[in-house]
Amino acid sequence: MSKPTPNIPPERPNESPSNKQDGTVEERVDTTLPDAQPVVDEVEDTSATPATNVSLISGNSKPRQYKVNNPSFFMQRGYQVLLVLGLIAAFFLVMVYQTLFGRIEQPQQMVTIEPGQTYYGLLPQWQQQIPLFSAGVAKLYIKSQVDAPLHAGTYQLPENPTIAEALQILGQGAKAAMVKVQIIEGKTSKDLYQALRDNDKIEKEVLTADSDNASIAQALDLTGVLPDSVANSSDPIVNYNLEGWFAPDTYYYGEGTSDKKVLTDLYKRQQQVLTDAWENRAPNLPYKSPYEALVMASIIEKETSVADERPLVSAVFRNRLNKNMRMQTDPTIIYGMGSRYDGNIRRKDINEKTSYNTYQIDGLPPTPIALPSAASIEATLHPADSEALYFVATGTGGHKFTNSLAEHNQAVKDYLSVMREKKSQTPPQ
């Protein structure tokens, strides 16, 4: 029977029993490093390291690097301010340039300045069409460059002008005395010629003592605008008649301006108005050319002076032409009579067949019978939506428009009644 083995306590770290079972004594091995010193609490040398190691807080093992020559905060702000100021200055220079030298898109044209208009009143058109145009800058420029008020007159502006160019041209009006040329709507070209002949401040180049329709058309180089039926007509009233081709308005020209320039300017304006209206005309009109529309516009101009009635008068004549009815308008009788007209239309005048009497001829007369306004041209090419075929004066202002002959005859009776009443109330002379 063997002896029980005695319980030997486990070895502790770094500790060996002095006697082992084999009876040998093992030499203790020192596991400490050579020359190791006892562990003591270290005192941090604040003079050698920063108070707080940021890399420990951020978890970044690399300490932050600092540039020795980095610009200061205030220097950076200064650069930013200079940049902003530079951009503002550049924008202002562009705005000034656009205001004074930006070009408005328009063809070469005549511009009429009415009495009382100012330079400032010209600015909205530029402001609408030129990017970055500044009315304030333009006003400052006008104050510094213009030393006289805007003079009424007719001025020719070049194609695509700048405001600086326009002001230079308009400023010339202050250096010359202006001549007023007034052409009333509904007057005739004969009235226009006579007004220019009577104006001793207009130089006579075309309207000489022996001038006639043909010589005037040739002098103005306008023979090509007339239909062959007009240019080759044997009727002296019709032949080379430029009736209708001059825009009625009030114009101002410098003293010594030639009648050729005045007439050419008025023709160009009327031609532009007619062209624009024709290009935007309503559909299904009975007019084959702009010239026929000009003829109709002159009749509408003579038939009514009430602006609201023009489209209705236009509708009546459109409807009659579409139904192949004669126009039967009194102003055409008067124009065909020429100098024989004494203020009255008699039955024999209605029955007389002239080139213009629309009671006796079909369709339109050969030429216009007056100088129509832009409003009458517009009404011709945009008639009212009406089926009326007749109209007659009311005697109290305006006209009565009717769709049937019976209604028209009653309207005529009403008109005659009003006129008799007025005559009875008029005291004898």
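What you are looking at is a predicted structure, and each value in this text was computed from that prediction instead of being measured.
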- Validation row: Val392, His408 side chains within 4.5 angstrom (heavy atoms): yes
- Write down the atom of Gly336, the atom of Ile237, and the distance for their closest heavy-atom approach. O-CD1, 3.7 Å
Less than 3.5 Å apart, which donor and acceptor atoms pair up between the side chains of residues 220-231 and the rest of the protein, not counting sequence neighbours?
none

- Query: Less than 4.5 Å apart, any side-chain heavy atom of Ser258 and any of Ile202?
  - Reply: no
- Query: Residues in side-chain contact (heavy atoms from CB on, under 4.5 Å) with Asp210, at least two apart?
  - Reply: Thr208
- Under 6.0 Å from the CD atom of Gln106, do we count more than 12 heavy atoms belonging to anything else shown? yes
- Counting only heavy atoms not in Arg340, do more than 12 fall under 6.0 Å of its CZ? yes
- Give a yes or no answer on whether the side chain of His382 reaches the backbone of Ile377 with a donor-acceptor pair at less than 3.5 Å. no
- Query: What residues, two or more places apart in sequence or in another chain, satisfy side chain to side chain donor-acceptor pair (under 3.5 Å) together with Asp200?
  - Reply: none
- Check: Ser298 side chain, Ile369 main-chain N or O, donor-acceptor pair, under 3.5 Å: yes
- Can you tell if the side chain of Phe401 reaches within under 4.5 Å of the side chain of Val316, non-hydrogen atoms only? yes
- Message: Could you check whether any side-chain heavy atom of Lys180 comes within less than 4.5 Å of a side-chain heavy atom of Thr250, counting everything from C-beta outward?
- Response: yes
Review item, side-chain donor-acceptor pairs of residues 412-421, under 3.5 Å, at least two apart:
from   : atom 1 : to     : atom 2 : distance (Å)
Asp414 : OD1    : Gln410 : NE2    : 3.0
Glu421 : OE2    : Gln425 : NE2    : 2.9

- Query: So do Leu263 and Tyr193 actually touch side chain to side chain, heavy atoms under 4.5 Å?
  - Reply: yes
- Item | Polar side-chain atom of Asp191 near backbone of Thr188 as donor-acceptor pair, under 3.5 Å | yes
- Message: Checking side-chain polar atoms at under 3.5 Å, does Tyr335 have a donor or acceptor matched by the opposite partner on Glu243?
- Response: yes
- Show your working on ring-ring contact (aromatic ring centres under 6.0 Å, His included) between Phe391 and Phe317 and close with a plain yes or no. CA-CA 10 Å; Phe391 64 94; Phe317 289 134; 5.8 Å; yes
- Message: Between Tyr341 and Gly343 (side chain of the first, backbone of the second, donor and acceptor by atom type, cut-off under 3.5 Å), is there such a pair?
- Response: yes
- Message: Less than 4.5 Å apart, side chain to side chain, heavy atoms only: is that true for Thr380 and Arg318?
- Response: no
- Note on the structure: Residue pairs meeting side-chain hydrogen bond (donor to acceptor under 3.5 Å, both in side chains), one or both in residues 357-371, sequence neighbours left out, come to Arg326-Asp362, Asp330-Tyr359, Thr332-Thr358, Tyr356-Thr367
- Okay, side chain of Arg103, backbone of Pro161: is any donor-acceptor separation there less than 3.5 Å? no
- Task: Under the side chain to side chain donor-acceptor pair (under 3.5 Å) rule, collect the residues that match up with Asp249, sequence neighbours excluded.
- Result: Arg269
- Query: At their closest point, which heavy atom of Glu165 faces which heavy atom of Pro158, and how far apart are they?
  - Reply: OE1-CG, 4.4 Å
- Query: Can you list the steps and then say if Leu242 with Tyr267 is a side-chain contact (heavy atoms from CB on, under 4.5 Å)?
  - Reply: CA-CA 9 Å; Leu242 292 175; Tyr267 163 74; over 6 Å; no
- Flag the pair Val181 / Leu196 as yes when at least one side-chain heavy-atom distance between them is below 4.5 Å, and no otherwise. yes
- Answer yes or no for Arg320 and Tyr390: cation-pi contact, defined as NZ/CZ to six-membered ring centre under 6.0 Å and angle to ring axis within 45°. yes
- Go through the steps for Ser189 and Asn241 under the test side-chain contact (heavy atoms from CB on, under 4.5 Å), then give the verdict. CA-CA 9 Å; Ser189 58; Asn241 191 345; 4.0 Å; yes
- For Asp308, does the CG atom have more than 12 heavy-atom neighbours from other residues, nucleotides or ligands under 6.0 Å away? no
- Quick one: pull up CD in Gln271 and CG in Leu266 and give me the separation to the nearest 0.5 Å. 13.0 Å
- Item | Chi angles and distances behind the side-chain contact (heavy atoms from CB on, under 4.5 Å) call for Leu123, Lys139 | CA-CA 9 Å; Leu123 300 183; Lys139 289 179 180 179; 3.8 Å; yes
- Message: Any heavy-atom pair between the side chains of Ile184 and Pro248 that's under 4.5 Å?
- Response: no
- Please, which pairs that meet salt bridge (Lys or Arg N to Asp or Glu O under 4.0 Å) have at least one residue in residues 285-307, sequence neighbours excluded? Glu301-Arg310
- Are the side chain of Asp259 and the backbone of Leu207 linked by a donor-acceptor contact shorter than 3.5 Å? yes
- Item | Spacing of Leu274 atom CG and Glu279 atom CD [to the nearest 0.5 Å] | 10.0 Å
- Thr275 side chain vs Gln272 backbone, donor-acceptor pair below 3.5 Å: no
- Query: Arg281: what forms a salt bridge (Lys or Arg N to Asp or Glu O under 4.0 Å) with it, not counting sequence neighbours?
  - Reply: none
- Just checking, any donor-acceptor pair under 3.5 angstrom between side chains of Asp235 and Ser355? yes
- Message: I need the minimum non-hydrogen distance between Pro366 and Tyr291, along with the two atoms involved.
- Response: O-CE2, 3.6 Å
- Value rounded to 0.5 Å, distance of CD in Gln328 from CD1 in Ile333: 9.0 Å
- Identify the heavy atoms of Ser314 and Ala379 that sit nearest to each other, and give their distance. OG-O, 2.9 Å
- Query: Distance-only, no hydrogens or angles: does the Gln270 side chain make a donor-acceptor pair with backbone N or O of Pro372 under 3.5 Å?
  - Reply: yes
- Kindly compute the distance separating OG1 (Thr354) from CD1 (Ile361), expressed to the nearest 0.5 Å. 7.0 Å
- Message: Would Val179 and Tyr252 count as a side-chain contact (heavy atoms from CB on, under 4.5 Å) here? Give the steps.
- Response: CA-CA 5 Å; Val179 179; Tyr252 295 86; over 6 Å; no
- Message: Can you tell me how far apart OG (Ser234) and CG (Asn239) are? Round to the nearest 0.5 Å.
- Response: 8.5 Å
- Query: Looking at Tyr253, does the NZ or CZ of Lys261 lie under 6.0 angstrom from its six-membered ring centre and within 45 degrees of the ring axis?
  - Reply: no
- Query: salt bridge (Lys or Arg N to Asp or Glu O under 4.0 Å): which pairs involve residues 369-391, sequence neighbours left out?
  - Reply: none
- Among all residues two or more places apart in sequence or in another chain, which pass the side chain to side chain donor-acceptor pair (under 3.5 Å) test with Ser134? none
- How many angstroms lie between atom CE of Met296 and atom OG of Ser376, to the nearest 0.5 angstrom? 11.5 Å
- Message: Would you say CG of Asn351 has more than 12 non-hydrogen atoms from neighbouring residues, nucleotides or ligands within 6.0 angstrom?
- Response: yes
- Closest approach of Ala384 to Ala315 (non-hydrogen atoms, all atoms of both residues): O-CB, 3.4 Å
- Task: Please list, chain by chain and in numerical order, all residues satisfying side chain to side chain donor-acceptor pair (under 3.5 Å) with Asp198, sequence neighbours excluded.
- Result: Gln194
- Query: What pairs meet the side-chain hydrogen bond (donor to acceptor under 3.5 Å, both in side chains) rule with one or both residues in residues 396-406, with sequence neighbours excluded?
  - Reply: Glu309-His399, Thr394-Thr396, Ser404-Glu407
